[in-house]
Amino acid sequence: MLNYVLRRFIYMIITLWVIITATFFLMKLLPGNPFGEMAAKMPPENLAILKAQYGLDKPEWQQYLKYLGNVAQGDLGVSYQFPTRTVVEVIRQSFPASLELGIESLVLSVIVGLTLGIIAALKHGKWQDYSSMIIALIGISVPSFVVAPLLSLYVGNKWGILPPGLWEGPENRILPAIALAFGTIAILARMMRASMLEVASLDYIKTAKSKGLTTRKIVTGHMLRNAILPVVTILGPIAVNVITGTLVVESVFVIPGLGYQFVSSITTLDYTMITGLTIFYAAILIVVMFLTDIAYGLIDPRIRMSGRR
């Protein structure tokens, strides 16, 4: 198991380095000026001083090596548009809201999605199955930028059941979490249903039934462990998607999250902010995938043995 974890950790470091390198040089290819309209009104000598301050007067390979060293120390640079704010400060201030919303949405997605999938599989061909799959179909078909405004408008404003926005008390978290979890619930439900039906047709399940085991023992003791493997595989990317939040959900419900900061940095060509937030998002994805690989190996030891060979 230790060798398995070490290999995955090395892959994680290499992947992160590739992403940092690619992001840094791709930012250099973007058209426009990172200092915006301010640079056009500035005398050439002042612009030269400003570039020297940010190290932009040096060759790109020197800028890259310096930036790589700074990233290794946890320094993602200073914003071009807001020189008094560092990228780390922006992440520290904005990410907690996105993280809280993402965790709440992820927990809701896993509980509801897996439950719907299991019920649909156990009641295959019955009304419970059809009802669960209709919910899943709606969840996949209707994107969050439609669900979020509808929840805010009807549940929040017209019916007054829950707050339509802002980020204050616990009741303000419910609608954003549902809006963000809606599509994920559908994905998990469909995948869990398909996986459960596949496992249910295997010989060892038929043997367990012939021995007279109850449905509960068969499901909890035999089916779930194997059926949940494909679900665990996609939980990594799904977790990153919901934890980092989305711009639409954060905008509709006026949530001070990181998604708004990311899009704002793109529109203002804030190279340092774009690069830093991209690396931050990538690091979260890579770490979650690393943990997913470990969880996958713990659930199914055959994967560890296969990797070792």
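Within the 4.5 Å cutoff, side-chain heavy atoms of P176 are placed close to those of I255. Between I19 and I286 the shortest side-chain heavy-atom distance falls below 4.5 Å. Taking 4.5 Å as the limit, some side-chain heavy atom of I20 sits within range of a side-chain heavy atom of L68. You'll find the side chain of S79 stays beyond 4.5 Å of the side chain of T272, heavy atoms only. Side-chain contact between V110 and L106: present, with at least one pair of heavy atoms (C-beta onward) separated by less than 4.5 Å.
Under the rule for a ring pair (Phe, Tyr, Trp, His ring centres under 6.0 Å), the partners of Y154 that lie at least two apart in sequence or sit in another chain are W159.
No donor-acceptor pair closer than 3.5 Å links the side chain of S152 to the backbone N or O of A148. Distance alone, capped at 3.5 Å, places no donor-acceptor pair between the R193 side chain and the L114 backbone. Formation of a donor-acceptor pair under 3.5 Å by the E60 side chain with backbone atoms of F25 is not found in this model. With hydrogens and angles ignored, the 3.5 Å screen pairs a side-chain donor or acceptor of T21 with a backbone N or O of W17. Here the side chain of D129 pairs no donor or acceptor atom with the backbone of I119 at under 3.5 angstrom.
Heavy-atom minimum distance, P256 versus A97: O-CB, 3.7 Å. The minimum heavy-atom distance linking G165 with N172 is given by the pair O-ND2, 2.7 Å. Smallest separation of non-hydrogen atoms from L108 and A181: CD2-CB, 4.0 Å. Residues E168 and R173 come closest through the heavy atom pair O-NH1, 2.6 Å. Among all heavy-atom pairs drawn from A179 and V249, the shortest one is CB-CG2, 4.5 Å.
The environment of CZ in R190 is sparse: at most 12 heavy-atom neighbours from other residues, nucleotides or ligands sit within 6.0 Å. At most 12 heavy atoms of other shown residues, nucleotides or ligands fall within 6.0 angstrom of atom CD in E198.
Interatomic distance, CG of L188 versus OG1 of T115, reported as 10.5 Å (0.5 Å rounding). Annotation: the span from L65 atom CG to N70 atom CG amounts to 11.0 Å, rounded to 0.5 Å. To the nearest 0.5 Å, atoms CG (L122) and CE (M196) are separated by 4.5 Å. Distance check: I138 CD1 to I185 CD1 gives 12.0 Å after rounding to the nearest 0.5 Å. Here L26 contributes atom CG and Y271 contributes atom OH; the two are 12.0 Å apart, rounded to the nearest 0.5 Å. Of the inter-residue distances, the one linking L162 atom CG with L175 atom CG reads 4.5 Å to the nearest 0.5 angstrom.
A continuous path of hydrophobic side-chain contacts links L99 to I279 [ILVMFWY only; heavy atoms under 4.5 Å]. Under a hydrophobic clustering in which Ile, Leu, Val, Met, Phe, Trp and Tyr are joined whenever their side-chain heavy atoms come within less than 4.5 Å, directly or via other members, I134 and L116 fall into the same cluster. W167 is connected to I174 through a chain of hydrophobic side-chain contacts under 4.5 Å among Ile, Leu, Val, Met, Phe, Trp and Tyr, so both are in one cluster. Linking Ile, Leu, Val, Met, Phe, Trp and Tyr residues whenever their side-chain heavy atoms come within less than 4.5 Å places V142 and L153 in a single cluster. No path of Ile, Leu, Val, Met, Phe, Trp and Tyr side chains, each step under 4.5 Å between heavy atoms, connects V252 with L166, placing them in separate hydrophobic clusters.
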Take F280 and L258 through the side-chain contact (heavy atoms from CB on, under 4.5 Å) test and state the conclusion after the steps. CA-CA 11 Å; F280 179 71; L258 201 58; 3.7 Å; yes

Residues L101, F253; criterion side-chain contact (heavy atoms from CB on, under 4.5 Å); working and verdict: CA-CA 11 Å; L101 173 61; F253 294 100; over 6 Å; no

Yes or no on side-chain contact (heavy atoms from CB on, under 4.5 Å) for T275 and L76, after CA distance, side-chain angles and deciding distance? CA-CA 8 Å; T275 308; L76 297 176; over 6 Å; no

Go through the steps for L224 and M192 under the test side-chain contact (heavy atoms from CB on, under 4.5 Å), then give the verdict. CA-CA 9 Å; L224 282 180; M192 192 64 188; 3.6 Å; yes

Enumerate, atom names and distances included, each donor-acceptor pair closer than 3.5 Å involving a side-chain atom of residues 89-96, sequence neighbours excluded.
| from | atom 1 | to | atom 2 | distance (Å) |
| --- | --- | --- | --- | --- |
| E89 | OE1 | T86 | N | 3.3 |
| Q93 | OE1 | R85 | NH2 | 2.9 |
| S94 | OG | V90 | O | 3.2 |

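Paired with V146 under the rule side-chain contact (heavy atoms from CB on, under 4.5 Å), one option of P149, P143, S144 passes, and it is P143.
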